[in-house]
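No hydrogens, no waters, no symmetry mates; every other heavy atom, side chains included, goes into these values.
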Amino acid sequence: MSSGIRIVLKPILIINYVFGLRIAGLSSCSKLWFNVLYILLLWSIYFNFLPSVISIYYKYHSPIEDRVFYVYEICTTLVSIAINIYYNTKFQNCLRKLDIVDNTLLKLGLITNYDKPCNKTVWFILGWFVMVMLTNCSTSLYMKNELNYNLKSALIYIFAMNHCFHVNFIGDLTTASILQFIGLKFDQINEYLQNTMKYKQRKRASRNQITYSHQRNISKACSNKCIMWTITHLHVELHKIFREIDLIFGTQMTFKMAIYFGWIVVDLREILNALFINNYVKYNIMAICSYCSWLIHNVFKFLLINYICETVVIKENVTTDLLNKLSFFNCNIEIREIILQLSLRTVHAPFRFCGIGFFQFGFKFFCRFMMSVATVLVIIIQAQKTKHSSFSNDNNN
(Lines give C-alpha, C1' and ligand atoms only; values in the text may rest on other atoms or scores of the structure.)
Protein backbone atom coordinates (compact mmCIF):
# COMPACT_ATOMS: atom_id res chain seq x y z
CA MET A 1 0.00 0.00 0.00
CA SER A 2 1.28 3.46 -0.90
CA SER A 3 1.84 5.94 1.90
CA GLY A 4 -1.26 8.11 2.31
CA ILE A 5 0.31 10.99 4.19
CA ARG A 6 3.20 11.20 1.74
CA ILE A 7 0.76 11.31 -1.18
CA VAL A 8 -1.01 14.27 0.45
CA LEU A 9 2.20 16.09 1.43
CA LYS A 10 4.25 15.29 -1.67
CA PRO A 11 3.68 18.61 -3.54
CA ILE A 12 4.42 20.72 -0.45
CA LEU A 13 7.43 18.61 0.56
CA ILE A 14 8.90 18.98 -2.94
CA ILE A 15 8.59 22.77 -2.64
CA ASN A 16 10.23 22.56 0.81
CA TYR A 17 13.16 20.60 -0.64
CA VAL A 18 13.57 22.91 -3.66
CA PHE A 19 13.64 26.08 -1.54
CA GLY A 20 15.97 24.54 1.03
CA LEU A 21 13.60 24.56 3.99
CA ARG A 22 14.12 20.94 5.04
CA ILE A 23 16.14 17.91 3.96
CA ALA A 24 14.73 15.11 1.86
CA GLY A 25 13.59 11.92 3.57
CA LEU A 26 16.61 9.83 2.65
CA SER A 27 18.15 7.19 4.90
CA SER A 28 21.71 7.23 3.58
CA CYS A 29 24.12 9.36 5.62
CA SER A 30 25.94 10.56 2.50
CA LYS A 31 22.68 11.67 0.93
CA LEU A 32 21.73 13.37 4.18
CA TRP A 33 24.91 15.44 4.14
CA PHE A 34 24.33 16.14 0.45
CA ASN A 35 20.96 17.69 1.32
CA VAL A 36 22.51 19.76 4.10
CA LEU A 37 25.20 21.03 1.73
CA TYR A 38 22.51 21.88 -0.83
CA ILE A 39 20.65 23.96 1.78
CA LEU A 40 23.84 25.76 2.84
CA LEU A 41 24.82 26.49 -0.77
CA LEU A 42 21.36 27.74 -1.72
CA TRP A 43 21.03 30.13 1.20
CA SER A 44 24.66 31.26 0.93
CA ILE A 45 24.01 32.39 -2.64
CA TYR A 46 20.83 34.18 -1.54
CA PHE A 47 22.48 36.03 1.35
CA ASN A 48 25.43 37.05 -0.84
CA PHE A 49 23.01 38.61 -3.29
CA LEU A 50 20.69 40.12 -0.65
CA PRO A 51 22.83 43.05 0.70
CA SER A 52 22.97 44.76 -2.68
CA VAL A 53 19.20 44.42 -3.06
CA ILE A 54 18.58 45.81 0.42
CA SER A 55 20.85 48.80 -0.17
CA ILE A 56 19.01 49.66 -3.39
CA TYR A 57 15.55 49.18 -1.91
CA TYR A 58 16.14 51.10 1.32
CA LYS A 59 17.85 53.98 -0.46
CA TYR A 60 14.43 55.61 -0.83
CA HIS A 61 12.21 53.48 1.39
CA SER A 62 13.67 53.04 4.87
CA PRO A 63 11.20 53.18 7.81
CA ILE A 64 12.90 51.74 10.85
CA GLU A 65 10.07 49.33 11.71
CA ASP A 66 10.23 47.77 8.25
CA ARG A 67 13.94 47.11 8.68
CA VAL A 68 13.44 45.57 12.13
CA PHE A 69 10.62 43.32 10.95
CA TYR A 70 12.53 42.31 7.85
CA VAL A 71 15.57 41.24 9.89
CA TYR A 72 13.22 39.36 12.22
CA GLU A 73 11.65 37.61 9.20
CA ILE A 74 15.08 36.45 8.02
CA CYS A 75 15.93 35.21 11.52
CA THR A 76 12.63 33.30 11.63
CA THR A 77 13.48 31.62 8.33
CA LEU A 78 16.91 30.57 9.57
CA VAL A 79 15.48 29.29 12.87
CA SER A 80 12.84 27.29 10.97
CA ILE A 81 15.48 25.69 8.75
CA ALA A 82 17.63 24.78 11.76
CA ILE A 83 14.62 23.28 13.57
CA ASN A 84 13.57 21.32 10.48
CA ILE A 85 17.04 19.81 10.13
CA TYR A 86 17.33 19.04 13.84
CA TYR A 87 13.90 17.38 14.04
CA ASN A 88 14.05 15.71 10.62
CA THR A 89 14.24 12.19 12.10
CA LYS A 90 11.30 12.89 14.42
CA PHE A 91 9.35 14.35 11.51
CA GLN A 92 9.93 11.23 9.40
CA ASN A 93 8.88 9.08 12.37
CA CYS A 94 5.64 11.06 12.63
CA LEU A 95 4.91 10.34 8.96
CA ARG A 96 5.60 6.62 9.50
CA LYS A 97 3.30 6.56 12.54
CA LEU A 98 0.55 8.19 10.51
CA ASP A 99 1.05 5.44 7.92
CA ILE A 100 0.55 2.83 10.68
CA VAL A 101 -2.62 4.58 11.85
CA ASP A 102 -3.84 4.65 8.27
CA ASN A 103 -3.20 0.92 7.79
CA THR A 104 -4.94 0.10 11.09
CA LEU A 105 -8.03 2.03 10.05
CA LEU A 106 -7.97 0.16 6.76
CA LYS A 107 -8.06 -3.17 8.63
CA LEU A 108 -11.11 -1.89 10.52
CA GLY A 109 -12.79 -1.37 7.15
CA LEU A 110 -12.30 2.40 6.96
CA ILE A 111 -11.03 3.20 3.47
CA THR A 112 -9.60 6.69 2.99
CA ASN A 113 -10.35 8.66 -0.16
CA TYR A 114 -7.23 10.78 -0.68
CA ASP A 115 -8.64 12.79 -3.57
CA LYS A 116 -10.13 15.47 -1.30
CA PRO A 117 -7.02 16.08 0.91
CA CYS A 118 -4.80 15.99 -2.18
CA ASN A 119 -7.02 18.56 -3.88
CA LYS A 120 -6.83 20.76 -0.76
CA THR A 121 -3.05 20.55 -0.85
CA VAL A 122 -3.06 21.60 -4.50
CA TRP A 123 -5.36 24.52 -3.64
CA PHE A 124 -3.01 25.51 -0.83
CA ILE A 125 -0.12 25.66 -3.30
CA LEU A 126 -2.15 27.58 -5.88
CA GLY A 127 -3.24 30.03 -3.18
CA TRP A 128 0.40 30.45 -2.13
CA PHE A 129 1.41 31.15 -5.75
CA VAL A 130 -1.41 33.69 -6.19
CA MET A 131 -0.39 35.43 -2.95
CA VAL A 132 3.23 35.59 -4.11
CA MET A 133 2.31 37.12 -7.46
CA LEU A 134 -0.27 39.51 -5.98
CA THR A 135 1.97 40.95 -3.26
CA ASN A 136 5.13 41.13 -5.35
CA CYS A 137 3.49 42.62 -8.44
CA SER A 138 1.55 45.24 -6.45
CA THR A 139 4.72 46.29 -4.59
CA SER A 140 6.69 46.40 -7.87
CA LEU A 141 4.08 48.64 -9.48
CA TYR A 142 4.22 50.89 -6.43
CA MET A 143 8.02 51.17 -6.77
CA LYS A 144 7.68 51.89 -10.48
CA ASN A 145 5.15 54.69 -10.00
CA GLU A 146 6.47 56.27 -6.79
CA LEU A 147 10.23 55.72 -7.04
CA ASN A 148 10.58 55.71 -10.86
CA TYR A 149 12.05 52.20 -10.98
CA ASN A 150 12.23 50.13 -14.11
CA LEU A 151 9.47 47.48 -13.82
CA LYS A 152 11.81 44.59 -14.58
CA SER A 153 14.36 45.75 -12.00
CA ALA A 154 11.61 46.36 -9.44
CA LEU A 155 10.29 42.80 -9.91
CA ILE A 156 13.77 41.34 -9.37
CA TYR A 157 14.36 43.42 -6.24
CA ILE A 158 10.95 42.66 -4.74
CA PHE A 159 11.11 38.92 -5.42
CA ALA A 160 14.54 38.81 -3.77
CA MET A 161 13.43 40.98 -0.84
CA ASN A 162 10.24 39.02 -0.17
CA HIS A 163 11.73 35.55 -0.60
CA CYS A 164 11.84 34.86 3.16
CA PHE A 165 8.25 36.04 3.59
CA HIS A 166 6.98 33.56 1.04
CA VAL A 167 9.08 30.54 2.05
CA ASN A 168 7.88 31.02 5.63
CA PHE A 169 4.36 30.68 4.28
CA ILE A 170 5.35 27.30 2.83
CA GLY A 171 6.19 26.19 6.36
CA ASP A 172 2.70 27.25 7.48
CA LEU A 173 1.13 25.23 4.67
CA THR A 174 3.19 22.16 5.66
CA THR A 175 1.97 22.40 9.25
CA ALA A 176 -1.63 22.98 8.15
CA SER A 177 -1.57 19.97 5.79
CA ILE A 178 -0.26 17.59 8.47
CA LEU A 179 -2.82 18.79 11.02
CA GLN A 180 -5.53 18.50 8.39
CA PHE A 181 -4.53 14.87 7.78
CA ILE A 182 -4.71 14.14 11.54
CA GLY A 183 -8.18 15.72 11.55
CA LEU A 184 -9.16 13.40 8.70
CA LYS A 185 -8.15 10.38 10.80
CA PHE A 186 -10.30 11.63 13.67
CA ASP A 187 -13.20 12.04 11.24
CA GLN A 188 -12.87 8.38 10.26
CA ILE A 189 -12.74 7.25 13.89
CA ASN A 190 -15.78 9.38 14.70
CA GLU A 191 -17.69 7.91 11.79
CA TYR A 192 -16.82 4.39 12.96
CA LEU A 193 -17.91 5.15 16.55
CA GLN A 194 -21.17 6.71 15.39
CA ASN A 195 -21.99 3.62 13.33
CA THR A 196 -21.13 1.44 16.34
CA MET A 197 -23.48 3.46 18.57
CA LYS A 198 -26.31 3.14 16.04
CA TYR A 199 -25.73 -0.62 15.94
CA LYS A 200 -25.77 -0.79 19.76
CA GLN A 201 -29.03 1.16 19.87
CA ARG A 202 -30.67 -1.13 17.33
CA LYS A 203 -29.36 -4.15 19.19
CA ARG A 204 -30.77 -2.87 22.48
CA ALA A 205 -34.15 -2.20 20.84
CA SER A 206 -34.36 -5.70 19.36
CA ARG A 207 -32.85 -7.57 22.31
CA ASN A 208 -36.16 -9.22 23.18
CA GLN A 209 -36.73 -10.38 19.62
CA ILE A 210 -33.30 -11.92 18.77
CA THR A 211 -31.73 -14.77 20.73
CA TYR A 212 -27.95 -15.32 20.68
CA SER A 213 -26.15 -18.44 21.77
CA HIS A 214 -23.80 -18.25 24.77
CA GLN A 215 -20.78 -19.05 22.60
CA ARG A 216 -21.60 -16.30 20.11
CA ASN A 217 -22.00 -13.77 22.93
CA ILE A 218 -18.51 -14.63 24.24
CA SER A 219 -16.99 -14.35 20.74
CA LYS A 220 -18.70 -11.00 20.11
CA ALA A 221 -17.61 -9.65 23.51
CA CYS A 222 -13.98 -10.53 22.72
CA SER A 223 -14.32 -8.91 19.29
CA ASN A 224 -15.79 -5.72 20.79
CA LYS A 225 -13.02 -5.63 23.38
CA CYS A 226 -10.31 -5.90 20.68
CA ILE A 227 -11.97 -3.21 18.60
CA MET A 228 -12.23 -0.85 21.58
CA TRP A 229 -8.59 -1.50 22.41
CA THR A 230 -7.69 -0.66 18.80
CA ILE A 231 -9.77 2.54 18.74
CA THR A 232 -8.35 3.66 22.08
CA HIS A 233 -4.76 3.06 20.98
CA LEU A 234 -5.41 4.88 17.71
CA HIS A 235 -6.68 7.85 19.72
CA VAL A 236 -3.63 7.75 21.98
CA GLU A 237 -1.27 7.41 19.01
CA LEU A 238 -2.83 10.37 17.21
CA HIS A 239 -2.51 12.33 20.44
CA LYS A 240 1.21 11.50 20.61
CA ILE A 241 1.74 12.41 16.96
CA PHE A 242 -0.05 15.71 17.49
CA ARG A 243 2.20 16.53 20.44
CA GLU A 244 5.29 15.69 18.38
CA ILE A 245 4.07 17.94 15.57
CA ASP A 246 3.59 20.64 18.19
CA LEU A 247 7.17 20.10 19.36
CA ILE A 248 8.54 20.30 15.80
CA PHE A 249 6.52 23.27 14.53
CA GLY A 250 5.42 25.07 17.72
CA THR A 251 8.57 27.16 18.15
CA GLN A 252 8.70 28.44 14.60
CA MET A 253 4.95 29.10 14.58
CA THR A 254 5.36 31.23 17.72
CA PHE A 255 8.06 33.32 16.00
CA LYS A 256 5.78 33.69 12.99
CA MET A 257 2.82 34.83 15.10
CA ALA A 258 4.96 37.66 16.47
CA ILE A 259 6.05 38.81 13.01
CA TYR A 260 2.47 38.58 11.68
CA PHE A 261 1.40 40.85 14.54
CA GLY A 262 3.97 43.46 13.54
CA TRP A 263 3.23 43.37 9.81
CA ILE A 264 -0.56 43.51 10.30
CA VAL A 265 -0.20 46.58 12.53
CA VAL A 266 2.12 48.30 10.01
CA ASP A 267 -0.15 47.52 7.05
CA LEU A 268 -3.27 48.77 8.85
CA ARG A 269 -1.43 51.89 10.00
CA GLU A 270 -0.36 52.79 6.46
CA ILE A 271 -3.84 52.17 5.05
CA LEU A 272 -5.58 54.23 7.74
CA ASN A 273 -3.00 56.99 7.46
CA ALA A 274 -3.68 57.18 3.74
CA LEU A 275 -7.45 57.26 4.16
CA PHE A 276 -8.01 59.41 7.25
CA ILE A 277 -4.88 61.42 8.08
CA ASN A 278 -3.26 62.12 4.71
CA ASN A 279 -5.20 63.44 1.76
CA TYR A 280 -6.16 60.17 0.09
CA VAL A 281 -6.91 61.97 -3.18
CA LYS A 282 -3.26 62.93 -3.51
CA TYR A 283 -2.06 59.62 -2.06
CA ASN A 284 -1.12 57.10 -4.68
CA ILE A 285 -3.85 54.48 -5.02
CA MET A 286 -1.19 51.90 -5.94
CA ALA A 287 0.38 52.23 -2.48
CA ILE A 288 -2.98 51.51 -0.82
CA CYS A 289 -3.48 48.46 -3.05
CA SER A 290 0.01 47.23 -2.18
CA TYR A 291 -0.57 47.51 1.57
CA CYS A 292 -4.01 45.89 1.22
CA SER A 293 -2.54 42.91 -0.60
CA TRP A 294 0.07 42.46 2.13
CA LEU A 295 -2.60 42.83 4.81
CA ILE A 296 -4.72 40.09 3.21
CA HIS A 297 -1.61 37.92 2.90
CA ASN A 298 -0.65 38.22 6.59
CA VAL A 299 -4.19 37.88 7.94
CA PHE A 300 -4.79 34.78 5.82
CA LYS A 301 -1.60 33.11 7.08
CA PHE A 302 -2.53 33.86 10.67
CA LEU A 303 -6.14 32.72 10.26
CA LEU A 304 -5.25 29.51 8.42
CA ILE A 305 -3.11 27.92 11.13
CA ASN A 306 -5.52 28.91 13.93
CA TYR A 307 -8.53 27.58 12.01
CA ILE A 308 -6.86 24.23 11.31
CA CYS A 309 -5.76 23.84 14.95
CA GLU A 310 -9.23 24.67 16.23
CA THR A 311 -10.95 22.18 13.91
CA VAL A 312 -8.57 19.34 14.83
CA VAL A 313 -9.11 19.97 18.56
CA ILE A 314 -12.90 19.97 18.03
CA LYS A 315 -12.73 16.65 16.17
CA GLU A 316 -10.65 15.09 18.95
CA ASN A 317 -13.16 16.28 21.54
CA VAL A 318 -15.95 14.68 19.50
CA THR A 319 -14.03 11.37 19.54
CA THR A 320 -13.65 11.51 23.32
CA ASP A 321 -17.36 12.30 23.78
CA LEU A 322 -18.39 9.44 21.51
CA LEU A 323 -16.20 7.00 23.44
CA ASN A 324 -17.72 8.15 26.73
CA LYS A 325 -21.24 7.73 25.34
CA LEU A 326 -20.33 4.33 23.96
CA SER A 327 -19.34 3.16 27.43
CA PHE A 328 -23.01 3.33 28.49
CA PHE A 329 -23.92 0.80 25.81
CA ASN A 330 -21.33 -1.74 27.01
CA CYS A 331 -21.85 -4.03 29.98
CA ASN A 332 -18.27 -5.28 29.69
CA ILE A 333 -16.29 -3.94 32.65
CA GLU A 334 -12.93 -4.13 30.82
CA ILE A 335 -14.22 -2.02 27.94
CA ARG A 336 -15.48 0.61 30.37
CA GLU A 337 -12.10 0.67 32.08
CA ILE A 338 -10.39 1.20 28.73
CA ILE A 339 -12.62 4.19 27.98
CA LEU A 340 -12.19 5.54 31.51
CA GLN A 341 -8.39 5.42 31.18
CA LEU A 342 -8.65 7.36 27.91
CA SER A 343 -10.87 9.99 29.54
CA LEU A 344 -8.43 10.44 32.41
CA ARG A 345 -5.56 10.76 29.96
CA THR A 346 -7.45 13.45 28.06
CA VAL A 347 -8.11 15.40 31.26
CA HIS A 348 -4.47 15.32 32.43
CA ALA A 349 -2.93 15.85 28.96
CA PRO A 350 -5.39 17.95 26.93
CA PHE A 351 -5.24 17.87 23.17
CA ARG A 352 -3.94 21.26 21.99
CA PHE A 353 -1.40 22.92 19.71
CA CYS A 354 0.61 25.42 21.75
CA GLY A 355 3.21 28.07 21.06
CA ILE A 356 6.09 26.98 23.33
CA GLY A 357 3.52 26.65 26.13
CA PHE A 358 2.67 30.39 26.09
CA PHE A 359 -0.70 30.15 24.36
CA GLN A 360 -2.98 27.74 22.51
CA PHE A 361 -3.66 28.22 18.82
CA GLY A 362 -7.34 28.52 17.99
CA PHE A 363 -10.26 30.92 17.80
CA LYS A 364 -9.72 32.31 21.31
CA PHE A 365 -6.13 33.17 20.50
CA PHE A 366 -7.30 34.72 17.21
CA CYS A 367 -9.76 36.99 19.04
CA ARG A 368 -7.15 38.06 21.60
CA PHE A 369 -4.66 38.63 18.79
CA MET A 370 -7.00 40.91 16.85
CA MET A 371 -7.90 42.84 20.01
CA SER A 372 -4.19 43.43 20.65
CA VAL A 373 -3.71 44.58 17.05
CA ALA A 374 -6.61 47.02 17.39
CA THR A 375 -5.23 48.40 20.68
CA VAL A 376 -1.73 48.98 19.29
CA LEU A 377 -3.17 50.42 16.09
CA VAL A 378 -5.28 52.99 17.97
CA ILE A 379 -2.23 54.11 19.94
CA ILE A 380 -0.12 54.46 16.78
CA ILE A 381 -2.84 56.36 14.89
CA GLN A 382 -3.33 58.77 17.80
CA ALA A 383 0.41 59.38 17.99
CA GLN A 384 0.59 59.94 14.23
CA LYS A 385 -2.37 62.33 14.32
CA THR A 386 -0.87 64.31 17.21
CA LYS A 387 2.47 64.53 15.41
CA HIS A 388 0.76 65.61 12.19
CA SER A 389 -1.24 68.30 14.02
CA SER A 390 1.79 69.70 15.83
CA PHE A 391 3.76 69.77 12.58
CA SER A 392 0.96 71.70 10.87
CA ASN A 393 0.79 74.22 13.74
CA ASP A 394 4.55 74.79 13.56
CA ASN A 395 4.34 75.46 9.85
CA ASN A 396 1.49 77.94 10.35
CA ASN A 397 3.44 79.79 13.02
Side-chain angles (χ1 to χ4, degrees), residues 8-9 12 15 69 72-73 76-77 80 116-117 119-136 138 162 164-184 186-187 242 245-246 248-272 288-317 351-356 358-378:
V8 175
L9 293 180
I12 292 182
I15 295 176
F69 292 149
Y72 187 86
E73 191 85 43
T76 302
T77 305
S80 300
K116 188 174 181 179
N119 290 336
K120 284 186 178 181
T121 304
V122 172
W123 279 109
F124 279 162
I125 296 174
L126 289 177
W128 170 75
F129 180 76
V130 170
M131 286 289 187
V132 170
M133 298 305 297
L134 177 65
T135 53
N136 287 343
S138 62
N162 297 336
C164 289
F165 295 87
H166 300 311
V167 297
N168 283 337
F169 192 15
I170 296 173
D172 296 344
L173 296 180
T174 306
T175 308
S177 298
I178 297 174
L179 296 180
Q180 184 185 33
F181 189 86
I182 294 175
L184 176 62
F186 277 118
D187 283 336
F242 191 84
I245 295 298
D246 183 18
I248 296 171
F249 294 99
T251 302
Q252 48 189 296
M253 292 309 304
T254 303
F255 278 96
K256 291 177 183 179
M257 291 300 111
I259 195 63
Y260 295 161
F261 179 85
W263 285 125
I264 289 173
V265 169
V266 169
D267 294 335
L268 285 172
R269 183 200 65 184
E270 294 299 328
I271 293 171
L272 294 178
I288 299 177
C289 294
S290 176
Y291 282 111
C292 285
S293 64
W294 278 107
L295 177 64
I296 295 171
H297 177 72
N298 290 315
V299 171
F300 176 78
K301 290 191 293 184
F302 176 79
L303 183 60
L304 174 67
I305 193 67
N306 283 279
Y307 172 76
I308 295 294
C309 290
E310 184 72 20
T311 54
V312 175
V313 171
I314 291 174
K315 291 174 182 178
E316 189 273 341
N317 291 332
F351 193 85
R352 57 189 181 183
F353 193 85
C354 300
I356 326 180
F358 295 140
F359 53 84
Q360 178 182 349
F361 289 97
F363 290 152
K364 291 182 179 179
F365 174 67
F366 176 77
C367 293
R368 291 196 299 266
F369 183 93
M370 297 312 295
M371 290 176 62
S372 301
V373 169
T375 302
V376 174
L377 187 63
V378 168

**OP:** Tell me, with the steps shown, if Phe242 and Leu179 meet side chain to side chain contact (heavy atoms under 4.5 Å, CB included).
**Re:** CA-CA 8 Å; Phe242 191 84; Leu179 296 180; 3.5 Å; yes
Original post:
Is there side-chain contact between Phe69 and Trp263, with at least one heavy-atom pair below 4.5 Å?
Top reply: yes
Original post:
Between Leu9 and Ser177, what is the shortest heavy-atom contact and its length?
Top reply: CD2-CB, 3.4 Å
**OP:** Any chance you could measure Leu134, atom CG, to Ser293, atom OG, to the nearest 0.5 Å?
**Re:** 5.0 Å
Subject >> Test side-chain hydrogen bond (donor to acceptor under 3.5 Å, both in side chains) applied to Asp267 and His297, step by step >> reply: CA-CA 11 Å; Asp267 294 335; His297 177 72; over 6 Å; no
Subject >> Reported CG-to-CD distance for the pair Asn306 and Gln360, which is rounded to 0.5 angstrom >> reply: 10.0 Å
**OP:** Please work out whether the ring planes of Phe302 and Phe365 are parallel, tilted or perpendicular, with thresholds of 30° and 60°.
**Re:** tilted
**OP:** Would you indicate whether the side-chain heavy atoms of Tyr260 and Ile305 approach each other to under 4.5 Å?
**Re:** no
Original post:
Got Val313 and Phe353 here, is their nearest side-chain heavy-atom distance under 4.5 Å?
Top reply: no
Original post:
Shortest non-hydrogen contact from Thr311 to Ile308?
Top reply: OG1-O, 2.7 Å
**OP:** Heavy atoms only: give me the nearest Ile259-Lys256 pair and the separation to one decimal.
**Re:** CG2-O, 3.0 Å
Original post:
So with a 6.0 Å cut-off around OH of Tyr307, is the heavy-atom count from everything else above 12?
Top reply: no
**OP:** Any chance you could measure Gln252, atom CD, to Thr175, atom OG1, to the nearest 0.5 Å?
**Re:** 6.0 Å
Subject >> Spacing of OG belonging to Ser80 relative to CZ belonging to Phe255, to within rounding of 0.5 Å >> reply: 8.5 Å
Original post:
Tell me, do Met257 and Phe361 make a side-chain contact under 4.5 Å, heavy atoms counted?
Top reply: yes
Original post:
Is any side-chain heavy atom of Asp172 closer than 4.5 Å to a side-chain heavy atom of Met253?
Top reply: yes
Subject >> Phe369 and Ile264, any side-chain heavy atoms less than 4.5 Å apart >> reply: yes
Subject >> side chain to side chain contact (heavy atoms under 4.5 Å, CB included) assessment of Lys120 paired with Val8 >> reply: CA-CA 9 Å; Lys120 284 186 178 181; Val8 175; over 6 Å; no
Subject >> Candidate pair Lys301 and Asn168, rule side chain to side chain contact (heavy atoms under 4.5 Å, CB included), full reasoning >> reply: CA-CA 10 Å; Lys301 290 191 293 184; Asn168 283 337; 5.5 Å; no
Original post:
Out of curiosity, Ile245 CD1 to Ile178 CD1, how far, rounded to the nearest 0.5 Å?
Top reply: 4.5 Å
Original post:
At what distance, to the nearest 0.5 angstrom, does NZ of Lys116 lie from CD of Gln180?
Top reply: 9.0 Å
Original post:
For Arg269 and Val266, what are the C-alpha separation, side-chain angles and deciding distance, and is it a side chain to side chain contact (heavy atoms under 4.5 Å, CB included)?
Top reply: CA-CA 5 Å; Arg269 183 200 65 184; Val266 169; 4.2 Å; yes
Original post:
Would you call Ile125 and Phe129 a side-chain contact if the rule is heavy atoms closer than 4.5 Å?
Top reply: no
Original post:
Do Phe169 and Phe124 have their ring centres less than 6.0 Å from each other?
Top reply: no
Subject >> Thr77 side chain reached by Phe165 side chain, heavy atoms, under 4.5 Å >> reply: no
